[in-house]
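Written out below as structure tokens is the structure these notes cover.
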Amino acid sequence: MHDERADTRRLAVTAAQSEDRLRGGAPDAPLISSWLHIGADGGVEGYTGKVEVGQNARTALAQAVAEELRVPMDVIQLIMADTDRTPFDAGTFGSQTTPIMSRRLRTVAAATRELLIERAASHWQVQPSTLTALNGCVLDSQSGQMISYGTLTQGEPLVLPYRQDTPLTPPQEWMVAGTSPPKVAGRAIVTGQRRYTPDLIRPGMWAGKGLRPRALGATLRSLDISAAQTLPDVHVVRDGAFIGVVAPDRARATEALAALHAEWEQTERVSAGDLFEYLRSHPAPPAEDPARAAALHEECGSVEQGRNAAAHALRRTYTHAYIAHAPLEPRAAVAEWTGDQLTVWTGTQRPFGVRGELAAAFNLPEGRVRVIVPDTGGAYGGKHTGEVAIEAARLARAAGRPVKLIWTREEEFTWAYARPAGLIDVESATLVDGTLVAWECHNYNSGAAGIRTPYAVPHQRIVFHPTHSPLRQGSYRALAATANHFARESHMDELAHHLGRDPLQFRLQNLQDERLRAVLEAAAEQFGWEHAQPGPGQGIGIAGGTEKGSYVATCVEVEVVPASGLLQIVRVVQAFECGAIVNPDGLRNQVEGAIIQGLGGALFEAVDFQDGQILTDRFSRYRVPRFADIPPIETVLLDRQDLPSAGAGETPIIGIAPAIGNAVFAASGVRLRALPLVPDGRVPGVAGGGT
Amino acid sequence: MADHIQLTVNGMQRDVTIEPGQPLLTVLRDSFALTGAKIACGEGQCGACTVLLDAQPVRACSIPIHAAIGKAIQTIEGLDEAGQLHPLQQAFLDHAALQCGYCTPGMIMSALGLLLQNARPARDEIIAAMQGNICRCGTYPRIIRAIEQAAGELRVQKEGAHHA
């Protein structure tokens, strides 16, 4: 059946998007119909380019619409991350869903509500100010008349600009936002009915596989496809640098892949043991990769002058290994060509970015490419790029039928990009009374996120040095803020101990940022920092920080077994503040999850590689946190209803590593300056501990 | 050569033609479109493909199909009854014991295997039984609470049935 209304809406969206492009691709389509549709039956569709990857965006954004439109949650269905149906969006990263997308949907919903009230007012010939919106209806409380939104719209698209300055309901008056409704579509998950990309089936679909060299950066020397070509129903595809196979099912594709004989030329032969020397000695030429983060050099005051006036100075280097995202749902795509129209279903955080990659790869206008992102397994910053989508599309084109490509676990570990490794030099200076006067920080390779100190220091030099990375690297939850906070908060702890000061008091003394003070104090109070009396082999540590507009402080108690050096995390208390809380239980879930994921990178996760080949190529060789690794965790959420809501998926991960490292020092006197802290579970240098 | 075999999946006899040597997971997903058991690690290390074979949790990615012949295969799709969620499924929702949900069916099936053997598991017994299941989103504490709630719920149901 032809749905004219859907066509009208789609045209409106397309027109709005063209307009957006003219204005530089900003995701601010001006028409209500681009964002919301109210059916004649009162059902509400919301359209957003954001992706649900477990962070609960589907629920939290529906709450935003429900709040301002004054409709129940269960009439709302969000259409997410479909480039043909949703307004342009740069991607689901950078903790932007709550501060930007949620705010936009709230504004559109509030403007729509006001528009519907005006329509009802003119229908009844009364003043709009006498009417209220409630439960999907406009109500005239004087006459008792009521009219539903569906009756007011007749299901026609609202192809009208929305008032961008429509006032929003303040958090103190929230009815739906600020609560923890059940996760939207949770039932489909627990019954096994949700279809993630690897679960999709298209008529006539076959399975693909890609051929990979063992070493990164290797180039193909020779390829013999004769054996593979003799197999029935097998296509061997060579398209640019990509080599792959297509067969009726995954087992036969695997067999065909094994029948390919390739020889590779390896160029890079770096090993994990040489990494930090390598990074220090391989600055990236600025033109090497325009997508790489730009260098950063900031000066404030004169660090030399600050050091001259100081009583104490300290210079230390901190390192961190590459780590893998290791998402349980592997990167996957289903590609289908209809003539020169391409549709790809894929689990990516950047549907429009991947559409652009596909259009470029196949020399198509973007209008001929549609990317649809089914609700996706956790990505943690790892699913930004479109390689798997492009590969599936190449295979589908060659085979002349839909093709599903699911990266194997080995491809996930050896071919996907990793969180950058890096090293960070910190040089600080303090006065006799503990006042910080100079702070110099140099990050090599891992990035500039979270590199600026939140402490009040008059003389600063902050530098990020991009370097050539021997492993493929990219985005990871909180980016380099984890590494930069590990360096800074470990260093602050070292300073406190040098000065004989309490680590919490030393921080507060040098801190003017009230929000960071508040989380440090809240965490310390809940933890019982002030009155803690650790026994022999026990220690407590604290760390705090801020990134992307939210604030975190973490207290940890550890025990280091003297005979063996075994490290036990006894308990964790973390305070978090991200402005007005939109969904308290969803937030708590994010904060707990970030701590637990952060435990892996803090304690034992590291990509190991030798002569340019990744050795940690499966879960049995790459340890991630499991049930038995999880200490008791308490979270303290500070609800600042006077502040705009910020994102919370990333920042809660940055406190755990330095807090543990600082607690280990307190317990054992051993200062650990490398992440992961205890790859074999033991504190090096303690009797019996590792080396 | 393709084999014709008969399997019992979620209480139903199913005839299927398969290539020998395939893992159970492939047959469940490709022949029966039961995609609740997930493709994740391929080496029995993460638990996302867990199903029950004669009430024992197994990793379907690492079990050859012939090992499943003559046994009762239970998948997440067979857990709810007439639209009524199993207490484990309900408990996972009640505790929001999931984020992206990709590990969830495997978690629930592993937990079911535990509760069928041990109606009153202590916390360390839950941890030991679930140690082979990975949740990268980090919802472990919630999953433990959900399993404890479901265990209590199932004991009450059983006592109710006993007294009825």
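The basis for the numbers below is simple: all heavy atoms, side chains too, and nothing from hydrogens, waters or symmetry mates. So you know, we letter chains A, B, ... as the sequences are listed, proteins then strands, and number each from 1.
With a 4.5 Å cut-off on non-hydrogen atoms, Phe413(A) does not touch chain B at all. Both the backbone and the side chain of Asp199(A) have a heavy atom closer than 4.5 Å to some heavy atom of chain B. Only the backbone of Thr376(A) comes within less than 4.5 Å of a heavy atom of chain B; no side-chain atom from C-beta onward does. Of the two parts of Pro182(A), neither the backbone nor the side chain holds a non-hydrogen atom closer than 4.5 Å to a non-hydrogen atom of chain B. Looking at Leu328(A), the atoms closer than 4.5 Å to chain B (heavy atoms on both sides) sit in the backbone and in the side chain alike.
Note on residues 125-153 of chain B: pairs passing ring pair (Phe, Tyr, Trp, His ring centres under 6.0 Å), not counting sequence neighbours, are Phe627(A)-Tyr140(B). Sorted by first and then second residue, the ring pair (Phe, Tyr, Trp, His ring centres under 6.0 Å) pairs involving residues 67-124 of chain B (not counting sequence neighbours) are Tyr196(A)-Tyr102(B).
Side-chain polar atoms of Thr35(B) and Arg195(A) form a donor-acceptor pair below 3.5 angstrom. At a cut-off of 3.5 Å, with distance as the only test, a side-chain donor of Gln99(B) or Gln590(A) sits close to an acceptor on the other residue.
Side-chain contact check for Arg250(A) versus Thr26(B): every heavy-atom pair is 4.5 Å or farther apart.
Your options are Ile144(B), Asp94(B), Asn133(B), Ile76(B), and the one with the most heavy-atom pairs under 4.5 Å with chain A is Ile76(B). Most heavy-atom pairs under 4.5 Å with chain B: of the set Leu599(A), Ile595(A), Asn589(A), this distinction falls to Asn589(A). Considering only heavy-atom pairs separated by less than 4.5 Å from chain B, the leading option among Asn56(A), Ile630(A), Thr191(A), Ile406(A) is Thr191(A). Interface remark: of the candidates Ser620(A), Pro330(A), Ala628(A), Ser620(A) forms the most heavy-atom pairs closer than 4.5 Å to chain B.
Residue Pro105(B) comes nearest to Ile189(A) through the heavy atom pair CG-O, 4.0 Å, listed as atom of the first residue, atom of the second, then distance. What you find for Ile596(A) and Gly138(B) is that their closest heavy atoms are CD1-O, 3.1 Å.
Separating the SG atom in Cys135(B) from the CD atom in Gln597(A) is a distance of 9.0 Å, to the nearest 0.5 Å. Of the inter-residue distances, the one linking Glu592(A) atom CD with Cys137(B) atom SG reads 12.5 Å to the nearest 0.5 angstrom. Here the CG-CZ distance, from Leu93(B) to Arg187(A), works out to 8.0 Å after rounding to the nearest 0.5 Å. The line from CD1 of Ile39(B) to CZ of Arg409(A) is 11.0 Å long, rounded to the nearest 0.5 Å. The structure places CD1 of Ile201(A) at 7.5 Å from CG of Asp30(B), a figure rounded to the nearest 0.5 Å.
Arg142(B) has a carboxylate O that lies under 4.0 Å from a charged side-chain N of Asp585(A), or vice versa, which qualifies the two as a salt bridge. The existence of a salt bridge linking Arg136(B) and Glu412(A) is excluded, since no basic side-chain nitrogen approaches an acidic carboxylate oxygen closer than 4.0 Å.
For Gln84(B), the CD atom is loosely surrounded, since the number of other residues' heavy atoms within 6.0 Å does not exceed 12.
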- Message: Apply side chain to side chain contact (heavy atoms under 4.5 Å, CB included) to residues Gln193(A) and Glu77(B) and explain how you reach the verdict.
- Response: CA-CA 7 Å; Gln193(A) 297 303 319; Glu77(B) 289 89 348; 3.7 Å; yes
- Task: Evaluate side chain to side chain contact (heavy atoms under 4.5 Å, CB included) for Thr104(B) paired with Val190(A), printing each intermediate quantity in order.
- Result: CA-CA 6 Å; Thr104(B) 307; Val190(A) 300; 4.2 Å; yes
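The interface of residues 42-66 of chain B with chain A, defined by heavy-atom distances below 4.5 Å, comprises Glu43(B), Gln45(B), Cys46(B), Ala48(B). Contacts with chain A (heavy atom to heavy atom, under 4.5 Å) involve these residues of residues 108-129 of chain B, listed by number: Ile108(B), Ile127(B).
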